[in-house]
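No hydrogens, no waters, no symmetry mates; every other heavy atom, side chains included, goes into these values. Numbers restart at 1 for each chain; the letters A, B, ... are given by sequence-line order, proteins then strands. Please read these numbers as outputs of a predicted model, since none were measured by experiment.
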Amino acid sequence: MAALPDFQLLHPATASDAIRMRALHPGSRYLAGGTDLLPNMRRGLVATEVVIDLGGVDELTDLHEESSALYIGAGVTLAVIAANRTVQDRLPALAQAASGVAGPTHRVSATLGGNLCLETRCRFYNQSESWREANAFCLKLGSDTCRVATKSPRCYAAFSGDIAPALMVLDAKVEVLGPLGTRVLPISDFYRDDGITWLAMTPDELLVAVRVPLKTGWASAYEKVRVRGAMDFPLAGVAVALRRENNTIADLRIALTGVSSRPEFVNGLDALAGHPLDDTALAIITRRIKLGIKAMETTLIEVPFRRRITPVLAKRMVERLWEMVSTSLS
Amino acid sequence: MDCGGWNDPRNGYPMKKILRLSVNGKPREDAVAENALLIDYLRDTLGLTGTKQGCDGGECGACTVLVDSQPRLACSTLAHSLAGRKVETIESLSHEGNLSRLQRAFHEHLGTQCGFCTPGMIMAAEALLRTNPHPDRTAIRAALAGNLCRCTGYVKIIESVEAAAQEQSV
């Protein structure tokens, strides 16, 4: 791979220092674990003259339990999240998503914030410069034509982070720091359906933390399908959170990743509240999930497979959680 | 906050800065470019070529080294992000010509074929054995999940780590 381009490396000590440095260098990039940014820079995908290393910002690595929520700083590594007892016991979807990202060595450096802000991916984008040049570049960088949908005015690169769907079904909120202070928003509002601008954050803002409510009575899980089982981005990822009351669904939340330019929360499942988990319910879940999938040819694996496997995966997970809750109740 | 000046990239000057850290137990103080990757610092500046450059993009684990006893990919880590930290490479494992238990186990149990993935495999296994001295096969496989062997000698590699763990517990 090519050498890194020249840049100046800044080391803020606090999050507000980082914000001030960003204001001085609007084209700079934040560096956390670097597992995605550094290879992308070496592929010529990210051009910047200033890199702001967040590794010395201690406040971003704060992880503590509040009265009814878990506060996780954006700089907490995925290895720490996956090994945390509260996460394992009360937020299994998050534990499973964190331990499913890449390989163990990546997870030691990769952070929560890095995975939530993970750059969207496409087989026409995540390539060397010479490869992309041979294809006359693409809409995401260097051309006005999208290679997966040539007439499209927008980029369809796929959001491939594993953590976001888990946090969506767990109803988490993200905390974003900007020059004017902090704002808090539901994680679903943190994303936009566009491969080029997939985050609803302005360039002068920094994701600082996530708050995940610690609710009782919920079961949750995250699973993904990938080419390489040991470590890979999801071809499709599914997070499910379920609350069961006797023989009926009380609440069912499902979110997807890898099948659209943003993590997709599956709408319309609230209609299932009060219904048993029978074939009709499973058919509704399948239909609702298919509406949420906007997969394009962004991976080498074909779209029909990703479209078909996603509801199958979700159905298996819902059935498993349903049984799991009934055993824990009895 | 430092911005601009002699090391401003826009002036076209080299942007070397002093980096202080520990490599293989020895304190180092080197002038290192701000955009230097850990792997280039280790191999080119320090001549520690035991750490291998494989895919060079964070996908194969050949460049795995230890930073404060945790495995890290040297190809996806900036040298300057490790100021004050403790880096260990494959060269630190043997002492006075004696191989470490993992190195010996890889040698005796044929955990090495072409040898290119071996330093990364051994460093990832070393990190595992430091936190979990008696790993089962599942734990070994999980710890080595980020390391590719293109000779596909995985069975022998896992057996080698098992043998080293047994030797350690004796």
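- Between chain A and the residues Asp56(B), Asp40(B), Thr64(B), the largest count of heavy-atom pairs under 4.5 Å involves Asp56(B).
- Per-residue heavy-atom pair counts under 4.5 Å with chain B were compared for Ala3(A), Ser109(A), Gly103(A), and the maximum is reached by Ser109(A).
- The distance from atom CG of Leu91(A) to atom CG of Asn84(A), rounded to the nearest 0.5 Å, is 8.5 Å.
- Heavy atoms of Thr77(B) lying under 4.5 Å from chain A belong exclusively to its backbone.
- Expressed to the nearest 0.5 Å, how far NZ of Lys224(A) lies from OG of Ser160(A) amounts to 9.0 Å.
- The side-chain tip of Arg121(A) points at the ring of Phe233(A) from less than 6.0 angstrom away and within 45° of straight on.
- Only the backbone of Ala143(B) has a heavy atom closer than 4.5 Å to any heavy atom of chain A.
- Contact annotation for Leu31(A): only side-chain heavy atoms (C-beta onward) come within less than 4.5 Å of a heavy atom of chain B.
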| request: Let me see the working for His64(A) and Asp62(A) under side chain to side chain donor-acceptor pair (under 3.5 Å), right down to the final yes or no. | output: CA-CA 7 Å; His64(A) 66 266; Asp62(A) 188 15; 3.1 Å; yes
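- Using a 4.5 Å cut-off between heavy atoms, Ala142(B) contacts chain A through its backbone alone, with no side-chain atom that close.
- In this structure, no portion of Pro12(A) lies under 4.5 Å from any heavy atom of chain B.
- To the nearest 0.5 Å, the span separating CD1 on Ile309(A) from CD1 on Ile301(A) amounts to 11.0 Å.
- Side-chain atoms of Arg22(A) and Ser28(A) include a donor-acceptor pair closer than 3.5 Å.
- Of the listed residues (Arg228(A), Arg43(A), His11(A)), the greatest number of heavy-atom pairs within a distance under 4.5 Å of chain B belongs to Arg228(A).
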